[in-house]
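When reading the values below, keep in mind they use all heavy atoms of this one structure, side chains included, and skip hydrogens, waters and symmetry mates.
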Amino acid sequence: MRFHRSHGKNILLDEKRLIATRIKSFTHGMTFSERTLSPGEFFIVEIEQTTEQWTGHIKIGLTQISPEQILDQCREDVIYDDVFHITGN
C-alpha cells in the first residue's frame, strides 16, 4: 500500500510513495495510507532503519478523519484528538 500524497512537513516520500523518511524534528512526521482500510483488512508497517539521533516512540494509529483535516489541525501544535493510536517501545 502506498503512502498518501499529503503528509507532515518533516516527511520525505520516495518516488513510488512506498518509503517514508523523517527528515528532521519529531513533530510534523505524520504519514497516511493512500486509501482507507477495508473492515478486517490487515496492514504491515516495516521499520527499515533507525537512528541514534532520536529517542522515544513510534505511534501507529487509525482515524476516520482525512489526512488534510488532521494536517490542518497540526499546523501549529501536535494534536491527536481524532486519532486512535497505540504507543509502546
Closest non-hydrogen atom pair between [X] and [Y], with its separation:
{"X": "Ala20", "Y": "Leu13", "value": "CB-CD2, 3.6 Å"}
{"X": "His4", "Y": "Ser33", "value": "CB-O, 3.4 Å"}
{"X": "Arg2", "Y": "Leu18", "value": "CG-CD2, 3.8 Å"}
{"X": "Phe32", "Y": "Pro67", "value": "CD1-CB, 3.5 Å"}
{"X": "Gly29", "Y": "Ile11", "value": "O-CD1, 3.4 Å"}

Which residues pass the side-chain hydrogen bond (donor to acceptor under 3.5 Å, both in side chains) test with Arg35, not counting sequence neighbours? Glu41
Quick one: does any side-chain atom of Asn10 pair with a main-chain N or O of Ile23 as donor and acceptor, under 3.5 Å? no
Cluster check Ile60, Ile47: I/L/V/M/F/W/Y, side chain < 4.5 angstrom: yes
Do Leu12 and Phe3 belong to the same hydrophobic cluster, where Ile, Leu, Val, Met, Phe, Trp and Tyr are linked whenever their side-chain heavy atoms lie under 4.5 Å apart, directly or via other members? no
Interatomic distance, CZ@Arg5 vs CD@Glu68, rounded to 0.5 Å, equals 12.0 Å
Close side-chain approach of Leu37 to Met1, heavy-atom, < 4.5 Å: yes
